[in-house]
Amino acid sequence: MSRRRRISWSPSVTLVPTRHCFNACGYCSFRQTAPPALPGGLPADSLDDATAQALIAARPDALEVLLLSGEVHPQAPGRAAWFRRLETLSRLALAAGRLPHANAGPLSRVEMARLGRINPSMGLMFEGVGPSHDRLHAGAPSKRLEVRLEQLEQAGRLGIPFTTGLLLGLGERPAERREALAWIARIQRRWGHIQEVILQPFRPHGAGATPLTPAEQGDLLGTIAEARAILPPEVHLQLPPNLWPLEALPAALEAGIDDLGGLDVADVINPAYPQPHPARLAGALAAAGWELVPRLCVHEAWIPALHPALRRRVQALAQTLGHGC
Ligand code: SF4
């Protein structure tokens, strides 16, 4: 009997420290523009400890706590207070026996180093290159190419296992997708810390979901295959399963996808696109010869390089998943 091929996912709960964001990306439906209003200059919608603890407790199966934050300007009066919130929420996750994974925009070297001591992995989307991305990011200073490249380099210098990704379908050309993948590949060859690259199809926001058409799927399947060829083999390729028709998912795995990312009960970035229930996902994939296996936010190969205190904690949780690392 042939062995099933494996596809990983991370049981996850998402905390949003704030939706306040100083960028204005042309496609964003996540951002809120409420001015700072709390003591210390914190954004008005900042997540408090009690709410965060309740959200974590409500998802006992979620080993990853994704901290997905709007971005606070580096010179904003509330920057320090916002950053301390990120640290506090990370510690709350650890205290609850979970692992934080922060994705909060560009960080200074000191900020990234501090968060990296309590986050086994972190993330920042590369997004993409070319005129269409430039247009949509004209109001988003932190999404300039040089800023994103420096953040990936900085994470590499600090040895932080890192997730990045491309937002696909915003009008970029195939050559521009290849150029973006080549940038990530070069950084990975230099530092070796890029654990996964998300290939995220852009989907329109509205009252309901607009599934990918067969033509759009065909276009993206070509990009998945190119990503697999361009990126070093240790880099996992991730696809958000709520943005891809379930019946067509096996074709994406055949093209090179080997991870489905962190799955919460809902997608806070794309709320119109419901997450498939893990049991339904596992059933659909099993029928096509794939085994869905849970993982931690940090992929197994990057665990040995973690700081010893963090590594011991991660290894203990890995044992609960049946991973011997
Ligand atoms: S950085 Fe993120 S939250 Fe801010 S506007 Fe852009 S997509 Fe929205």
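This structure is a prediction, so every number in the text was calculated from the model and none was measured. Atoms within a ligand are numbered from 1 in the order they appear, just like the ligands themselves.
Close approach to C28 involves these atoms of ligand 1, each under 4.0 Å from a residue heavy atom: 3 (S), 5 (S), 7 (S), 8 (Fe).
Judged by a 6.0 Å distance limit and a 45° cone about the ring axis, R186 is positioned over the six-membered ring of W183.
Shortest contact from atom 2 (Fe) of ligand 1 to any protein heavy atom: K143 NZ, 4.0 Å. Among protein heavy atoms, the minimum distance from atom 5 (S) of ligand 1 is reached at C25 N, 3.4 Å. Taking atom 3 (S) of ligand 1 as the reference point, the nearest protein heavy-atom neighbour is F30 CD2, 3.5 Å. For atom 4 (Fe) of ligand 1, the closest non-hydrogen atom on the protein side is C21 SG, 2.3 Å.
Rounding to the nearest 0.5 angstrom, the gap separating the CG atom in L86 from the CG atom in L47 is 10.5 Å. Rounding to the nearest 0.5 Å gives a distance of 12.5 Å between CZ of R79 and CG of L42.
No side-chain donor-acceptor contact under 3.5 Å links H205 and Y273. Checked by atom type, the side-chain pair S46/R85 shows no donor-acceptor distance below 3.5 Å.
The heavy atom nearest to atom 1 (S) of ligand 1, considering only N23, L68, T18, V16, is found in N23.
Of all the heavy atoms of R19, none lies under 4.0 Å from any atom of ligand 1, so neither backbone nor side chain is involved.
Between K143 and M125, the closest side-chain pair of non-hydrogen atoms is not below 4.5 Å.
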